[in-house]
Amino acid sequence: MGGLLDSLPGEQRRLLRTARPGAELAARPMLATLSDRRDFSGDDDWVFERKLDGVRLLAVRDGERATVFSRSGRRLDDTYPEIVRALADQPRTDFTVDGEVVAFRRGRTDFGRLQQRMGLTRPEDIEAAGVAVTYYVFDLLRLEGADLTRLPLRTRKSLLRRALTYRPPLRMTPHRNEGGAELLAASCDRGWEGLIAKRADADYQPRRSRDWLKLKCSRGQEFVVGGFTEPAGSRVGLGALLIGYHQGGQLRYAGKVGTGFDRRSLLSLRARLDGLRVPDQPFGGRVAEPGARWVRPELVAQVDFTEWTRDGMLRHPRYLGLRDDKKPGDVVRERAAG
DNA sequence: TTCCGACAGTGGGGTCGCAAT
DNA sequence: ATTGCGACCCCACTATCGGAA
């Protein structure tokens, strides 16, 4: 075993530094920056990966031992024992990899399903949950005693492919070298989350970087504003808008949106909402939001979000603005569940 | 001078575990 | 038995500040 690094050209070998196992974990994982960029036809060289909807996991193999860490540095060995086992069974005994743990439902990565595993550490609880996980690795930070983070991404990926043996629950994240725009369109059609675009020649930086771009499929639509919450702390105007849509002759609650505002929009929204105040909630069914203020459902807000949760609430909602061109009565749910 | 990255603060849904009711 | 809370996960965004470009 070993000798993978001997195949590197001299100028890349000079980028290597010695690394103690786990030393890179004192730093943080490299994070992607949210981007609207869609044109990747320029001179710069990018690698595209499917955006996986799970939790980040860094794994360290040091001799006989394998250990996994969350993004914040928490040890998760008891949470994902089958991943630790898969890493401990690898022929190579000296590496650090970066990747994402996911759970599948109906062929798609499903964060909600993974959540049923995330907090569990007792083997019998994990067994009872019945949620199989897969560890998609996409980067190699350390190998054969060397810190690889200064090497270009393509080289790290090439080494990663050869360094590990891929059997469930361990997989290498597939990537493509071109066609980013087409790939993103196809991903969104399938109802996936989006893509991560990574600069092919970039090093691994333990922070949020523009060398990794998060390209998200947007699932925005209009919602009727039926109430709001009071601001807290240094916040002004309001905390969040309570929003919904029409279905079956009533206004159905779809959750809250509490980000995307600046000071001006918070204050002007509050002024308009105060003119619409009513004592009773306009939503059908009971909405349990302590301290909520209710308004006549006359304002229509444009809201972006990633997906509907199982309970029919919005995940990762953000406010984009008011739609004065839309009638509240026309606002319905635009996508089916899931 | 302008831009970028890091941090703090405020907001979201959901899960689990634990304490209070 | 139910409810509430905090701690984690995922995340959104604004505002600010200091240093790099």
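Heavy atoms only: backbone and side chains are in, while hydrogens, waters and symmetry mates are out. Throughout, a chain's letter reflects where its sequence line sits, starting with A, and its residues are numbered from 1.
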Between [options], which nucleotide gets closest to the side-chain atoms of [X]?
| X | options | answer |
| --- | --- | --- |
| Arg263(A) | dC11(C), dT16(C), dG11(B) | dT16(C) |
| Lys216(A) | dA12(C), dT10(B), dC4(B) | dA12(C) |
| Arg318(A) | dA12(C), dG11(B), dC10(C) | dA12(C) |
| Arg56(A) | dC11(C), dG17(B), dC10(C) | dC10(C) |
| Arg74(A) | dT16(C), dC11(C), dC8(C) | dC8(C) |
| Arg207(A) | dA6(B), dC11(C), dC4(B) | dA6(B) |
| Ala240(A) | dC13(C), dG12(B), dA6(B) | dG12(B) |
| Leu34(A) | dG14(B), dT16(C), dC13(C) | dC13(C) |

Between Arg235(A) and Leu314(A), name the one whose nearest nucleotide on DNA chain B is closer to the 5' end.
Arg235(A)
Comparing Gln116(A) with Pro231(A), nearest DNA chain B nucleotide closer to 5' gives the residue Pro231(A)
Without decimals, in angstroms, what is the distance between [X] [atom1] and [N] [atom2]?
| X | N | atom1 | atom2 | answer |
| --- | --- | --- | --- | --- |
| Leu213(A) | dC4(B) | CG | P | 13 Å |
| Arg117(A) | dG14(B) | CZ | C1' | 17 Å |
| Met30(A) | dA6(B) | CE | P | 11 Å |
| Gln115(A) | dG17(B) | CD | C1' | 15 Å |
| Phe111(A) | dC10(C) | CZ | C1' | 4 Å |
| Asp262(A) | dA12(C) | CG | C1' | 14 Å |
| Phe69(A) | dC8(C) | CZ | C1' | 17 Å |
| Met313(A) | dC10(C) | CE | C1' | 18 Å |

Test side-chain contact (heavy atoms from CB on, under 4.5 Å), reference Leu58(A), set Val68(A), Leu141(A), Val97(A), output is Leu141(A)
Is Arg199(A) atom CZ crowded by more than 12 heavy atoms from other residues, nucleotides or ligands, each under 6.0 Å away?
yes
Rounded to the nearest 0.5 Å, what separates atom CZ in Phe305(A) from atom CG in Leu320(A)?
11.0 Å
Of Phe261(A) and Arg315(A), whose nearest nucleotide on DNA chain C comes first from the 5' end?
Arg315(A)
Assign each of Leu320(A) and Asp53(A) the nucleotide of DNA chain C bearing its closest heavy atom; nearer the 5' end lies the nucleotide of Asp53(A)
Do Thr173(A) side-chain atoms and Val137(A) backbone N/O form a donor-acceptor pair below 3.5 Å?
yes
Base-pairing mate for dG18(C) - Watson-Crick or G-U, with both contacts under 3.5 Å:
dC4(B)
Have a look at Ser70(A) and say if it touches a base, only the backbone sugar-phosphate, or nothing, with a 4.0 Å heavy-atom cut-off.
sugar-phosphate
Under 4.0 Å, heavy atoms only, any strand: does Gly112(A) hit a base, just the sugar-phosphate, or nothing?
nothing
Taking only side-chain nitrogens and oxygens of [X], does any of them come within less than 4.0 Å of OP1 or OP2 of [N]?
| X | N | result |
| --- | --- | --- |
| Ser234(A) | dT10(B) | yes |
| Arg71(A) | dC11(C) | yes |
| Lys51(A) | dC11(C) | yes |
| Lys214(A) | dA12(C) | yes |

Given Asp147(A) and Arg17(A), is the salt bridge (Lys or Arg N to Asp or Glu O under 4.0 Å) satisfied, shown in steps?
CA-CA 5 Å; Asp147(A) 173 358; Arg17(A) 298 291 182 275; over 6 Å; no
Testing Asp98(A), Asp203(A), Asp139(A) one by one against Arg156(A) for a salt bridge (charged side-chain N to carboxylate O under 4.0 Å, His left out), which residue passes?
Asp139(A)
Taking the six-membered ring of Trp308(A), is NZ or CZ of Arg333(A) closer than 6.0 Å to its centre and within 45° of its axis?
yes
